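Predicted, not measured: the structure shown is a model, and the values here were computed from it. Letters go in sequence order (proteins before strands), and every chain restarts at 1.
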Number of protein chains: 2
Amino acid sequence: MSLPHAILTSLLEKPASGAELARRFEKSLGYFWSATHQQIYRELARLEEAGLIESSDRESTRGRQRHYSIRGSGRAELEQWSRAQEDPRPVRDALLVRLRAAAALGTVEVAEELRRHIGLHQGQLDTYLAIEHSDFPDGGSAEHPSARLQHAVLAAGIGYERAWLAWARDTLPTLPRDPVRTG
Amino acid sequence: MSLPHAILTSLLEKPASGAELARRFEKSLGYFWSATHQQIYRELARLEEAGLIESSDRESTRGRQRHYSIRGSGRAELEQWSRAQEDPRPVRDALLVRLRAAAALGTVEVAEELRRHIGLHQGQLDTYLAIEHSDFPDGGSAEHPSARLQHAVLAAGIGYERAWLAWARDTLPTLPRDPVRTG
DNA sequence: ACGCTTTGTGCAACTTGTTGCGCAAAGGAG
DNA sequence: CTCCTTTGCGCAACAAGTTGCACAAAGCGT
């Protein structure tokens, strides 16, 4: 899939230890490709075995910090992957399955859960906007290409959350037994 | 996760064989929870073993069609699940990882791939709109609750694709080495 | 020096999702 | 009837993702 490539990307941006990578995946990269620390450690081991990355391997470092960096072959692999064609994966949203189940059952109240999700998505949107404000203070006009791409990635997240919220706020008042609200 | 519940939902809407379910997952349900036929068969076996569904089990039906329908306990399980709280899963979009890799590499042309994805998403949007046109001809005002929910689910897909396309068309002209285009 | 907590690393087991293949039955073409 | 394709069912193997636990080292308060 693309977890190894996400790790290579992060290591290319800056070398790091496994724990540091895990922290990055909690924040920036993980917003659109999440991973647990176990996934990361396993993948780091594979990448090192494949010769794409290297580590400060003081012998028998169990419990000690290990620092990884990308090698030339890793960069080449990443370059090839980022040029390749890969179709988008279908969306997966359990909430929509539940709405459909609720429609088929006819007896389930979903408004409250929808409101809860609105809060969560609003929080995510706020996070994105805060990052945009701090990392891309100008309107995006005078950035150099690399910053533009990073900004574009962030903009995708912002656009997604806004669309989700707009849908949810349109949908909420149409649900049965739910008072009409204006978002 | 929620594959079993997606199957229960589909069986509640209408009993079916495994192949019929697989076809439905290609179409409506699978737009927001996809599954291969092997996943479906495996899950049907588990659900039957758990007593949530039942099948026309003419003994040793290898190669023959087997018809499944939901039982009372299955409906109860589905009802409980659709009432439960479950947080949304983080987005996963490999294209965004690739954009970020391209930003870090600084040497990769991504405009063409982005254009290709625009075509794919536009196709998906068209599909959704065609379904909306045929299944929900009136503006959504006079529908009964169950149809409203189904329409809301479809609207989520439409909103998602539109947001994605808007983002992509904003992003495309800002990419390096790419002529400015108006969407 | 001694515990206690936090951080970093990792194993093991499990669940979920994917890919590739095989086989049985049905149905049309010759 | 026989061949051949399509449809439905399913196994086996694998890849990806998750959960729970364990253990070593470092930092910290006492």
Side-chain angles (χ1 to χ4, degrees), chain A residues 1-8 10-11 15-27 29-30 32-50 53 55-68 81 86-94 97, chain B residues 1-8 10-11 15-27 29-30 32-50 53 55-68 81 86-94 97:
Chain A
M1 307 296 297
S2 51
L3 176 57
H5 299 103
I7 290 175
L8 288 175
S10 198
L11 287 180
S17 68
E20 169 60 23
L21 281 173
R23 261 179 259 117
R24 286 189 208 163
F25 271 80
E26 291 273 301
K27 283 196 245 159
L29 243 182
F32 43 90
W33 200 276
S34 65
T36 63
H37 79 275
Q38 288 85 348
Q39 279 179 276
I40 291 167
Y41 283 126
R42 181 167 46 179
E43 212 56 57
L44 282 171
R46 282 181 197 159
L47 287 168
E48 185 168 28
E49 208 206 344
I53 62 176
S55 71
S56 59
D57 197 331
R58 3 181 175 168
E59 295 79 47
S60 85
T61 44
R62 249 192 88 81
R64 300 292 285 101
Q65 207 179 34
R66 233 169 128 177
H67 222 248
Y68 292 90
W81 174 76
E86 190 174 323
D87 286 356
R89 301 216 173 186
V91 176
R92 282 224 164 161
D93 192 334
V97 179
Chain B
M1 307 300 296
S2 51
L3 176 57
H5 300 103
I7 290 175
L8 286 174
S10 197
L11 286 180
S17 67
E20 169 60 22
L21 281 174
R23 260 180 260 115
R24 286 190 209 164
F25 270 80
E26 292 272 301
K27 283 197 244 159
L29 244 183
F32 42 91
W33 201 276
S34 64
T36 63
H37 79 274
Q38 288 86 348
Q39 279 178 274
I40 291 167
Y41 284 128
R42 182 168 47 179
E43 211 57 57
L44 283 171
R46 282 182 196 159
L47 287 168
E48 185 168 29
E49 208 206 345
I53 62 176
S55 72
S56 58
D57 196 333
R58 7 183 171 165
E59 296 79 46
S60 83
T61 44
R62 249 193 87 80
R64 299 291 284 100
Q65 207 179 35
R66 234 170 129 176
H67 223 248
Y68 292 90
W81 174 77
E86 190 175 323
D87 286 356
R89 303 225 179 176
V91 176
R92 282 224 166 161
D93 191 334
V97 179

Length of the line joining [X]:[atom1] and [N]:[atom2], which is rounded to integer Å:
X: A/L44; N: C/dC11; atom1: CG; atom2: C1'; result: 16 Å
X: A/L21; N: C/dG10; atom1: CG; atom2: P; result: 12 Å
X: A/I40; N: C/dC11; atom1: CD1; atom2: P; result: 15 Å
X: A/R66; N: C/dT7; atom1: CZ; atom2: C1'; result: 17 Å
X: B/R23; N: D/dG8; atom1: CZ; atom2: C1'; result: 9 Å
X: B/E20; N: D/dT6; atom1: CD; atom2: P; result: 20 Å
X: B/L47; N: D/dG10; atom1: CG; atom2: P; result: 14 Å
X: B/Y68; N: D/dG8; atom1: OH; atom2: P; result: 14 Å

Regarding B/R24 and B/S10, is there a side-chain donor-to-acceptor distance under 3.5 Å anywhere?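 Per modelled atom types, B/R24 and B/S10 side chains form a pair under 3.5 Å.
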The reported gap from CG in A/L3 to CD1 in A/I40 (rounded to nearest 0.5 angstrom) is 7.0 Å
For the atom pair CD (B/E43) and CD1 (B/I53), what is the distance rounded to the nearest 0.5 Å?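 Those atoms lie 9.0 Å apart.
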Would you please name every residue forming a side chain to side chain donor-acceptor pair (under 3.5 Å) with A/R92, sequence neighbours left out?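 Testing A/R92 for side chain to side chain donor-acceptor pair (under 3.5 Å), a comparison that skips the adjacent residues, returns B/S34.
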The contact string for nucleotides 14-21 of chain C, one letter per nucleotide 5' to 3', using protein heavy atoms under 4.0 Å with B, S and - for base, sugar-phosphate only and none, comes out as --SBBBB-
Do NZ/NE/NH1/NH2 and the carboxylate oxygens of B/E49 and B/R46 come within less than 4.0 Å?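 Salt bridge flag = no for B/R46 with B/E49.
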If the condition is ring-ring contact (aromatic ring centres under 6.0 Å, His included), which residues does A/F25 pass it with, not counting sequence neighbours? none
Is there a side-chain contact between A/Y41 and the phosphate of C/dT9, meaning an N or O under 4.0 Å from OP1 or OP2?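 It does, given that an N or O in the side chain of A/Y41 lies less than 4.0 Å from OP1 or OP2 of C/dT9.
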